[in-house]
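Worksheet: one structure, shown below.
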Amino acid sequence: MASQRVQILLIKQTSLGDVLHSTAQVRAIRERLPDCHLTILTSTTAKDIYRHNPHVDRIILFDRYQVKQSWWRRPSWVVRHIVETLREVRREPYDLALDLQGRWKSVIFLWGARASKRFVKGRWWFAHRFHHPQLHALEEMNGVLKLAGLGGGGQQTEFFTSAAEKGSVKQKMSRYSLEGRRWILCCPISRWPTKDWPLENYEELARRLPDDVMLVFAGSAKNCEAIRLALAPLPVSRVVNLAGDLSLAEFAELTNQATAVLTGDSFPLHVAAANRRPTVALFGPTDETRVGPIGDSTVIIRAESANCSRCYRRTYCPKACIRKIRPDQIHQALQRVTKGFF
């Protein structure tokens, strides 16, 4: 295998955090086989995660979210997009094809690839299988690599940004006078309402922090107004609202500049872990032993009296576990993760 350039297809195309997790396996493959040709099949929304990654030779994009939204309204487009993506996958033969997702939207491309050997996370019958969902997400993907003879895998994720994105973030920091100041990047809203600490609590948290500490909020454009209204009682000198004003890569670069990060279990948490930033992570319905960051740069908080069952409910949690976390707990965790900087 080492005497020729090995062709490898790696498939990972679900949520942004999951795709970012796979960067650890990409680096591990490159270190194991420096001369291999590595093709990534990922979601269109996750393109920025791999756009500047030096370990990737080729990117194939699949618009899985548009497929999910359009399968009944535009079935002809869905079929055409799947066929076109499959044709792109089959353009080159592969020595190894690995599906680190194991869902039907990824498995159809693993099945259709012109590959000598196929490996998959899950129980799909036509490929070599690794199915241990009780493991941490990174370790389960590493298990697929081990099965494929690609070594032990990796744990450190990474997000590469360009000079243009670094320059853009520097301009934004200058505009809001963030350079040389203490500021916390807050990412309060995720796709699961059960993961979100109430926005109104950030006002109380801000009042517990020194007056010179700023709170910088990030999120999508649809979150901008909710954040503005919730933080309106605070002085404008304490709050910066960047919701809707950052690309994915700009957000990653901004995270790299933050004094600390405060977030729930969502993509920002994994970006902060990739950049090794001091982070306080708030967990409610999900299990931090399976999806939480690996390393010592993050302090994880659960409500002390919530008796949380890790229910994995997305829209409604009868215990409302995340709401039982107190601002003073977060303040103490920020002190701990930054060694008393706040």
Verdict with reasoning, Q25 to S22, per side chain to side chain donor-acceptor pair (under 3.5 Å)
CA-CA 5 Å; Q25 285 67 51; S22 69; 5.5 Å; no

I need the T23 OG1 to L138 CG distance, nearest 0.5 Å.
8.5 Å

Mind checking whether M141 and K12 have side chains closer than 4.5 Å, heavy atoms only?
yes

Starting from I184, can I reach I300 by hopping between I/L/V/M/F/W/Y residues whose side chains sit under 4.5 Å apart?
no

Please check this pair: side chain of Q156 against backbone of G295, looking for a donor-acceptor N/O pair closer than 3.5 Å.
no

Note, L98 side chain near L150 side chain (heavy atom, < 4.5 Å):
yes

Atom of P188, atom of A218 and distance for their closest heavy-atom approach
CD-O, 3.7 Å

If I take atom CZ from residue R314 and atom OG1 from residue T194, how far apart are they, to the nearest 0.5 angstrom?
9.0 Å

For the student: nearest non-hydrogen atoms of Q7 and P93, plus distance:
CB-O, 3.5 Å

Look at the side-chain heavy atoms of Ile, Leu, Val, Met, Phe, Trp and Tyr, link any pair under 4.5 Å apart, and say whether V26 and F160 land in one connected group.
no

Between T157 (side chain) and H21 (backbone), is there a donor-acceptor pair under 3.5 Å?
no

Counting C-beta onward and ignoring hydrogens, is there a side-chain heavy-atom pair between E158 and H55 closer than 4.5 Å?
yes

Side chains of Y176 and W183: closer than 4.5 Å at any heavy-atom pair?
no

For the backbone of K170 and the side chain of S174, can you confirm whether one donor and one acceptor N or O come within less than 3.5 Å of each other?
no

Residues passing the ring-ring contact (aromatic ring centres under 6.0 Å, His included) test with H128, sequence neighbours excluded, are F119

Between T286 and Y312, is the side-chain contact (heavy atoms from CB on, under 4.5 Å) condition met? List the steps.
CA-CA 5 Å; T286 53; Y312 276 83; 3.6 Å; yes

Here the pair of heavy atoms bringing A148 nearest to L96 is O-CD1, 4.3 Å

Does N275 reach the main-chain N or O of A252 with its side chain, forming a donor-acceptor pair under 3.5 Å?
yes

Trace of the side-chain contact (heavy atoms from CB on, under 4.5 Å) decision for R182 with D212:
CA-CA 7 Å; R182 297 186 293 177; D212 66 322; 2.6 Å; yes

Test your reading of the model: is there a side-chain donor-acceptor pair from T255 to the backbone of A272, 3.5 Å cut-off?
no

dist R91:CZ -> R114:CZ (nearest 0.5 Å) comes out at 10.5 Å

My understanding is that a hydrophobic cluster links ILVMFWY residues whose side chain heavy atoms are under 4.5 Å apart, including indirect links. Using that, what else belongs to the cluster containing W72?
L9, I11, L41, I60, F62, V67, W71, W77, V78, I82, L86, V89, Y94, W104, V107, I108, F109, L110, W111, V120, W124, W125, F126

If I compare all heavy atoms of R51 with all of A249, which pair ends up nearest, and what's the gap?
NH2-CB, 4.4 Å

Is it the case that the side chain of K105 and the backbone of Q13 share a donor-acceptor pair, with hydrogens and angles ignored and the cut-off at 3.5 Å?
no

Consider side chain to side chain contact (heavy atoms under 4.5 Å, CB included). Of D245, L254, L178, which one does K172 pass it with?
D245

Could you tell me whether a side-chain N or O of D196 sits under 3.5 Å from a main-chain N or O of S190, the two making a donor and an acceptor?
yes

CE of M214 to CZ of R181, rounded to nearest 0.5 Å, is 5.0 Å

At what distance, to the nearest 0.5 angstrom, does CD1 of I301 lie from CD1 of I330?
5.5 Å

Is there side-chain contact between F267 and L248, with heavy atoms separated by less than 4.5 Å?
yes

For V169 and E250, work out which heavy atoms get closest and say how close.
CG2-O, 3.3 Å

Could you walk me through whether I325 and N201 pass the side-chain contact (heavy atoms from CB on, under 4.5 Å) test, one step at a time?
CA-CA 10 Å; I325 296 174; N201 289 359; over 6 Å; no

Would a hydrophobic clustering, with Ile, Leu, Val, Met, Phe, Trp and Tyr connected at side-chain separations under 4.5 Å, put V19 with L100?
yes

Any link between V271 and F283 through a network of hydrophobic side chains (Ile, Leu, Val, Met, Phe, Trp, Tyr) touching at under 4.5 Å?
no

In Å and rounded to the nearest 0.5 Å, what is the OG1 to CG distance from T161 to N53?
11.5 Å

One pair to check against salt bridge (charged side-chain N to carboxylate O under 4.0 Å, His left out): R103 and D18. What are the steps and the verdict?
CA-CA 13 Å; R103 303 288 181 87; D18 288 345; over 6 Å; no

Are Y316 and C311 side-chain neighbours, meaning at least one heavy-atom pair lies under 4.5 Å?
no

Classify the side-chain pair E139/Q155 by whether it contains a donor and acceptor separated by less than 3.5 Å.
yes

Could you check whether atom NZ of K166 has more than 12 heavy atoms from other residues, nucleotides or ligands sitting under 6.0 Å from it?
yes

Keeping R238 on the side-chain end and A206 on the backbone end, is there a donor-acceptor pair under 3.5 Å?
yes

Run the side-chain contact (heavy atoms from CB on, under 4.5 Å) test on T14 and R64 for me, step by step, so that the C-alpha distance in whole Å, both residues' side-chain angles and the decisive distance to 0.1 Å come before the verdict.
CA-CA 8 Å; T14 184; R64 64 182 298 271; 3.7 Å; yes

Ignoring hydrogens, what is the shortest heavy-atom contact between R58 and V56? Give both atom names and the distance.
O-CG1, 3.4 Å

Find out if a path of hydrophobic residues (ILVMFWY) with successive side-chain heavy-atom gaps under 4.5 Å connects W192 to L262.
no

R123 atom CZ, over 12 foreign heavy atoms within 6.0 Å:
no

Would you mind reporting whether R310 and R302 have side-chain heavy atoms less than 4.5 Å apart?
yes

For R207 and E204, run salt bridge (charged side-chain N to carboxylate O under 4.0 Å, His left out): C-alpha distance rounded to whole Å, both residues' side-chain angles, the deciding distance at 0.1 Å, then the answer.
CA-CA 5 Å; R207 299 192 187 284; E204 183 179 346; over 6 Å; no

For the backbone of Q66 and the side chain of R74, can you confirm whether one donor and one acceptor N or O come within less than 3.5 Å of each other?
no

Sequence neighbours excluded, the answer for side-chain contact (heavy atoms from CB on, under 4.5 Å) partners of D296 is none

List the steps and the verdict of salt bridge (charged side-chain N to carboxylate O under 4.0 Å, His left out) for D57 and R30.
CA-CA 11 Å; D57 297 293; R30 181 62 67 188; 2.8 Å; yes

Sidechain-backbone polar pair: S237 side chain, P235 backbone, donor-acceptor under 3.5 Å
no

So with a 6.0 Å cut-off around CZ of R323, is the heavy-atom count from everything else above 12?
no

Contact between D63 and H81 at the side-chain level, heavy atoms closer than 4.5 Å - yes or no?
yes

